[in-house]
2 protein chains.
Amino acid sequence: MNKYIEISNELRNHILKDNLYHPNDQLPCEKDLCIQYGASKMTIKKALDILVDEGLIYKKRGHGTFVKGLSQQQLDIMEENLCNTQQALTGFSRQYAKEDVTSTVLEFSVIPPTPKIASNLHITEEDFVYKIIRVRNRNGVPCVIEETYMPIDLIPGLKMAHLESSIYAYIRQTLHYEIQSSHVRIRAKGASEFIARNLQLEPGSPVAVVEQIAFLDNGMPFEYSFSTHKADLFDFSAVIVKKIP
Amino acid sequence: MNKYIEISNELRNHILKDNLYHPNDQLPCEKDLCIQYGASKMTIKKALDILVDEGLIYKKRGHGTFVKGLSQQQLDIMEENLCNTQQALTGFSRQYAKEDVTSTVLEFSVIPPTPKIASNLHITEEDFVYKIIRVRNRNGVPCVIEETYMPIDLIPGLKMAHLESSIYAYIRQTLHYEIQSSHVRIRAKGASEFIARNLQLEPGSPVAVVEQIAFLDNGMPFEYSFSTHKADLFDFSAVIVKKIP
DNA sequence: AGGCATTTGTCCGTATGTATT
DNA sequence: TAATACATACGGACAAATGCC
């Protein structure tokens, strides 16, 4: 593992687990951290900047580096979520790996894409896409319904069995692609009759919809999806840090 | 302005506005960019890494740097949102600066905080907080209702007039504090009777709730708020980029 | 399969700038 | 003013991944 990753992991643990650094504590200055970790200033800076981006600490020029005044609840959320943010890129099955996850496939077909789908998947309307509609159950309870489109050229050989377990595992392990990033858009709405029926809700009940475009590490969008979550099971966290002073 | 910010701004414009670099295009290699911009490798790398974080480009070691296969719609969203993500830290009035924004103050009082509020604002239950409930109107239409708590010690002298315009402007311009970051949590639910009445909705209609803790550049949380958005006016975008290979 | 050139990644050292106390 | 601490920028050495021959 890289040095700056290791240092940032260690410092993060000191804040979130070891209780070595508490909210509002000042961290050792960069020079001391250099000595402590036998690293250069750039390496320490890089390690600290990761924690700044994660929302754990802040730095003030001429002053020092400090832990933010975070509540225990926030610390807990962050401990759970820091990996989770990354796990958004590992698919539903991995995200809830500890729980009993099953899928009910409602539709699995190959169709020509609508203009919107073609555009977002960066293909033409003459290409074909898989259309997949799945209900995801956690511990036997339906909680998300996913409508997914993927270019067949990019993800060849997709079978029903993959849908019932994890498409992401197929992409990673069989096709040897890596997922690089994902652009999400979150909205709320009332459940349609179709959604309501499959999530065991009343029509019009509040649901959260995550529109996602996911990219492979070759820059191509390979998945365009709409995940509709039961409102009371949906919880999305994010940290926004000011970059430009 | 810093060199790496300028370079990254220029490259971003080449992608989003000048149409100089298109989706899937390869950018010049770092060495060439060094020559082109008269900058060192580290500076170019830093500029490019900003665009990677923003979700515009990706890099492959031993191969090069490329624009992602983004749709025009995505490019539009990003052009609008790249500033917006940062503007989440400037408050509602700034965010919708082009539109006619008004506020209706429903409650403005000073109360002792509940345990949850005290914890998230990192104060004791013996401190006091402002409690503010405001309806925000865009072009005369109520679209968000905000329930806000702020420690009176941190934000002294807050008056009704500030609530009717912008609290953030007061904090920045009068108290000379800067907002450093904000932790948000997004959920969906059905509107309560109170929410429904004030947003001119039917009770139970879907709404999006943003729970936010905002931090000053001294590390202290100064605002704990719940913003309830009319579902059809709520739209949140985010980019998730895989950091660890 | 092996070797080579290309390209980005990591890490170090150093110098200078800027904000705070 | 001086000391402190983080920020920017440069250059160089070596490592690791990729594509091509």
Side-chain angles (χ1 to χ4, degrees), chain A residues 1-11 21 24-53 56-68 176-178 180-181 216-220 241-245, chain B residues 1-11 21 24-53 56-68 176-178 180-181 216-220 241-245:
Chain A
M1 188 70 77
N2 299 329
K3 207 165 181 174
Y4 71 92
I5 300 277
E6 272 179 1
I7 296 172
S8 104
N9 286 345
E10 196 163 324
L11 290 171
Y21 299 129
N24 297 325
D25 277 1
Q26 177 163 14
L27 267 60
C29 74
E30 290 185 350
K31 191 161 64 69
D32 291 351
L33 289 171
C34 288
I35 299 164
Q36 189 175 327
Y37 287 100
S40 77
K41 231 182 69 153
M42 285 302 292
T43 305
I44 294 296
K45 179 170 159 46
K46 210 165 171 182
L48 290 174
D49 280 344
I50 290 172
L51 303 184
V52 171
D53 281 342
L56 279 170
I57 64 173
Y58 67 99
K59 304 198 273 187
K60 273 190 106 167
R61 203 190 292 208
H63 197 183
T65 305
F66 305 83
V67 181
K68 285 206 295 197
H176 300 290
Y177 285 140
E178 279 299 323
Q180 188 260 348
S181 61
L216 296 176
D217 61 357
N218 64 4
M220 288 303 293
V241 178
K242 194 166 147 193
K243 295 275 173 73
I244 311 130
Chain B
M1 189 70 78
N2 299 328
K3 206 165 182 174
Y4 71 91
I5 300 276
E6 271 179 1
I7 296 171
S8 108
N9 286 344
E10 195 164 325
L11 290 171
Y21 300 127
N24 297 325
D25 277 1
Q26 177 163 15
L27 267 60
C29 74
E30 291 185 352
K31 193 162 62 72
D32 290 350
L33 288 171
C34 289
I35 297 164
Q36 190 176 325
Y37 287 100
S40 75
K41 219 185 74 159
M42 289 302 290
T43 305
I44 294 295
K45 181 172 159 40
K46 207 164 172 184
L48 290 175
D49 280 344
I50 290 172
L51 302 183
V52 171
D53 281 341
L56 279 170
I57 64 173
Y58 67 98
K59 305 198 275 188
K60 271 188 110 163
R61 193 192 288 199
H63 196 189
T65 305
F66 304 83
V67 181
K68 286 207 294 197
H176 300 292
Y177 285 140
E178 279 300 322
Q180 189 261 348
S181 61
L216 296 176
D217 59 358
N218 64 6
M220 287 304 293
V241 178
K242 193 166 150 195
K243 296 274 173 77
I244 311 130

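All values derive from a computational prediction rather than experimental measurement. Protein chains get the first letters and strands the later ones, always in sequence-line order, with residue 1 at the start of each.
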Item to check | T65(B) side-chain N/O to dT8(C) phosphate OP1/OP2 under 4.0 Å | outcome: yes

Checklist entry - Within the pair Y4(A) and dT10(C), is there a side-chain N or O less than 4.0 Å away from OP1 or OP2? => result yes

Checklist entry - Roughly how many Å is it from CG in N218(A) to C1' in dA17(D), rounded to a whole number? => result 16 Å

Next on the checklist: Is there a side-chain contact between N9(B) and Y4(B) in this structure, where contact means two heavy atoms from C-beta onward sitting under 4.5 Å apart?
Outcome noted: no

Checklist entry - If only atom types and distance count, is the side chain of K3(B) paired as donor or acceptor with the main-chain N or O of G38(B) below 3.5 Å? => result yes

Checklist entry - Given atom NZ of K41(B) and atom P of dG12(D), what is their separation to the nearest angstrom? => result 12 Å

Checklist entry - Is the shortest side-chain N to carboxylate O distance from K242(B) to D217(A) below 4.0 Å? => result no

Checklist entry - CD1 of I57(B) versus C1' of dT8(C): gap in Å, rounded? => result 12 Å

Next on the checklist: Whole angstroms only, please: what is the CD1-P distance between I44(A) and dT14(C)?
Outcome noted: 17 Å

Item to check | Which nucleotide in dG19(D), dA13(D), dC6(D) has an atom nearest any side-chain atom of H63(B) | outcome: dG19(D)

Checklist entry - Short question: side chain of Y58(A), backbone of N218(B) - any donor-acceptor pair under 3.5 Å? => result yes

Next on the checklist: Counting only side-chain nitrogens and oxygens, does T43(A) get under 4.0 Å of the OP1 or OP2 atom of dC12(C)?
Outcome noted: yes

Item to check | Atom-to-atom span, CG of D217(B) to P of dT18(C) - whole angstrom | outcome: 20 Å

Checklist entry - How long is the line joining CG of D32(B) and P of dT6(C), in whole Å? => result 12 Å

Next on the checklist: By nearest heavy atom, map K60(B) and A39(A) onto DNA chain C; which one lands nearer the 5' end?
Outcome noted: K60(B)

Checklist entry - Quick one: is dT8(C) close enough that its OP1 or OP2 comes under 4.0 Å of any side-chain N or O from K45(B)? => result no

Item to check | Nearest-Å distance for atom pair NE2/C1', residues H176(B) and dA19(C) | outcome: 17 Å

Next on the checklist: For a quick test of reading the model: is some side-chain N or O of K46(A) closer than 4.0 Å to OP1 or OP2 of dC11(C)?
Outcome noted: no

Checklist outcome for this item: Ranking dC12(C), dC6(D), dT8(C) by distance to the side chain of S40(A), first place goes to dC12(C)

Item to check | Distance in angstrom units between E178(B) CD and dT20(C) P, rounded | outcome: 11 Å

Checklist entry - Are side-chain heavy atoms of K68(B) and M220(A) found at a separation under 4.5 Å? => result no

Checklist outcome for this item: By nearest-nucleotide position on DNA chain D, the 5'-leaning member of M42(A) and G62(A) is G62(A)

Checklist entry - OP1 or OP2 of dC10(D) less than 4.0 angstrom from a side-chain nitrogen or oxygen of K3(B), does that happen here? => result yes

